[in-house]
Amino acid sequence: MSAIATHDEMVAAYNAQRAQFSGWTAGTDVWTGALAARFRDNPHRPLDPVLQSIADDLQGSDVLVDAGGGAGRMALPLALRCAEAVVVDPSEGMREQFDSIRAEAGIQNARYIQEDWLTGEPIRGDLALVCHVTYFVPAIERFVGRLVEAARRRVTIVVNSTPPPNQVADLFELLHGTPQSLVPGHQALLPVLWEMGFLPEVRVLPVMPPGAAPLFRTREEAVESLTFAPQLIGADVEMIRRTASEHFDRLFAVTEGGWVRPSTATTRAVLITWETR
């Protein structure tokens with residue numbers, strides 16, 4: 001089986017399982033209300049290692065196109081370092097957050113196009129960016145092809161070494177009694193790019209400064225954090241709390257000052273980038 005077909009089948013299996021256990025179907029906008037608000041961030045914050053690496057590839061005259069950029073967590077701070085940042089995303093809930101953050105931050109050179117990357121009108125920029133989206137793309141060859149068409153100079157894809165949906169696979173199995181279908185990460189994505197004829201540079205970076213993984217001061221705070229996991233949308237919240245409490249020592253590791261999720265604390269960002277010209 002080709003790498004492209006393998007990637008698409010992994011996404012299809014994840015989507016089918018998600019529909020089975022939560023009622024979610026592809027195309028449903030789950031990024032609304034409090035869940036969308038969790039993706040808010042200050043565009044004027046110091047750049048983390050991932051944002052800094054992307055910023056280093058930006059020129060002041062560049063137009064950045066962020067496919068599936070949501071509330072602008074990546075695009076808005078990068079807009080401060082280029083001519084324009086454009087987020088292309090189908091979510092109305094994320095658009096509301098993007099518009100609010102942009103206005104509060106006083107950013108004038110950023111805009112939101114509410115369209116699906118695979119079916120919307122083509123858009124052209126200098127650097128095409130996609131962060132934590134390829135895990136869910138049902139047609140990866142077409143998606144990457146449109147990234148290349150959009151980028152006059154460079155394509156950059158960011159994934160985590162343990163993708164966010166896979167970081168709750170242990171809890172998913174405890175809740176549902178069956179292993180979670182895992183989304184494709186860099187191990188599946190890189191062969192796709194090679195199969196398409198691209199030879200990207202791969203940069204393995206910290207997701208955040210060392211020691212900055214979410215640290216929970218109390219067991220109750222740690223358990224509650226799992227009720228917000230987007231991957232568990234549709235699961236009964238009380239069941240999540242009860243299951244997490246019963247299996248707390250399996251789900252969390254104790255450190256000096258509190259508890260962390262091992263799957264979050266050890267993940268690294270994998271930045272995959274190549275020039276298109």
Side-chain angles (χ1 to χ4, degrees), residues 10-42 68-73 89-98 100-101 131-133 135-136 138 159-160 162-185 207-208 212-255 257-267:
M10 289 182 72
V11 174
Y14 175 80
N15 286 341
Q17 189 181 61
R18 195 173 181 184
Q20 176 186 356
F21 288 106
S22 73
W24 176 91
T25 56
T28 302
D29 184 6
V30 299
W31 310 110
T32 59
L35 187 57
R38 288 176 63 83
F39 290 84
R40 295 180 66 90
D41 215 333
N42 178 10
R73 188 161 52 174
D89 194 294
S91 170
E92 175 66 26
M94 286 295 195
R95 179 173 193 154
E96 292 171 359
Q97 297 297 328
F98 177 91
S100 170
I101 298 165
C131 298
H132 305 299
V133 172
Y135 318 127
F136 313 108
V159 296
N160 276 359
T162 303
N166 299 350
Q167 292 176 19
V168 293
D170 50 0
L171 178 56
F172 181 97
E173 185 167 0
L174 289 170
L175 286 170
H176 300 298
T178 188
Q180 179 181 311
S181 295
L182 301 180
V183 299
V207 173
M208 56 190 74
L215 178 66
F216 306 108
R217 301 293 180 181
T218 67
R219 293 172 69 98
E220 292 75 18
E221 182 185 0
V223 167
E224 196 64 22
S225 71
L226 293 175
T227 67
F228 291 98
Q231 302 87 319
L232 299 176
I233 290 172
D236 181 84
V237 172
E238 288 305 319
M239 182 182 295
I240 292 175
R241 291 190 180 110
R242 183 170 60 253
T243 303
S245 297
E246 291 172 355
H247 299 274
F248 187 89
D249 291 337
R250 174 175 170 180
L251 297 171
F252 293 92
V254 64
T255 66
W259 290 268
V260 296
R261 285 278 288 150
S263 56
T264 302
T266 59
T267 192

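Sequence positions, counted from 1, serve as the residue numbers for this chain.
Checking each of E224, E246, E220 against R241 for a salt bridge (Lys or Arg N to Asp or Glu O under 4.0 Å) leaves exactly one that passes, namely E224. Screening T266, T162, T264 against Q167 for a side chain to side chain donor-acceptor pair (under 3.5 Å) leaves a single residue, T264.
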*Check the pair R40 / S100 against side chain to side chain contact (heavy atoms under 4.5 Å, CB included), numbers first and verdict last.*
CA-CA 9 Å; R40 295 180 66 90; S100 170; 3.3 Å; yes
Quick one: do D170 and R261 satisfy side chain to side chain contact (heavy atoms under 4.5 Å, CB included)? Show the steps, please. CA-CA 11 Å; D170 50 0; R261 285 278 288 150; 3.0 Å; yes
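Contact detail for G69 and D89: the closest heavy-atom pair is N-OD2, 3.6 Å. Residues F248 and V223 share a closest heavy-atom pair of CD1-CG2, 3.8 Å. The minimum heavy-atom distance between L251 and L174, with the atom names listed, is CD2-CD1, 4.1 Å. Taking both residues in full, the closest heavy atoms of L182 and A169 are given as CD2-CB, 4.0 Å, listed atom of the first, atom of the second, then distance. Nearest heavy-atom pair, R217 versus W259, reported as atom, atom and distance to 0.1 Å: O-CZ3, 3.5 Å. Closest approach of L215 to G257, counting heavy atoms only: CD2-O, 4.1 Å.
A salt bridge does not link R95 with E92: none of the charged nitrogens is closer than 4.0 Å to a carboxylate oxygen.
Counting only distance, with no hydrogens or angles, the side chain of N160 and the backbone of H132 share no donor-acceptor pair below 3.5 Å. Panel note: side chain T243, backbone L175; no donor-acceptor pair is recorded below 3.5 Å. In this structure, the side chain of Q17 engages the main chain of P179 through a donor-acceptor pair within 3.5 Å. A donor-acceptor pair under 3.5 Å links the side-chain atoms of S225 to the main chain of A222, judged by distance alone.
Note: S181 OG to R18 CZ = 12.5 Å, rounded to the nearest 0.5 Å. How far CZ of R73 is from CG of N42: 13.0 Å, rounded to the nearest 0.5 Å.
Checked against a 6.0 Å centroid threshold, the rings of Y135 and Y14 do not count as neighbours.
Using cut-offs of 30° and 60° for the angle between ring planes, the F172 and F21 rings count as perpendicular.
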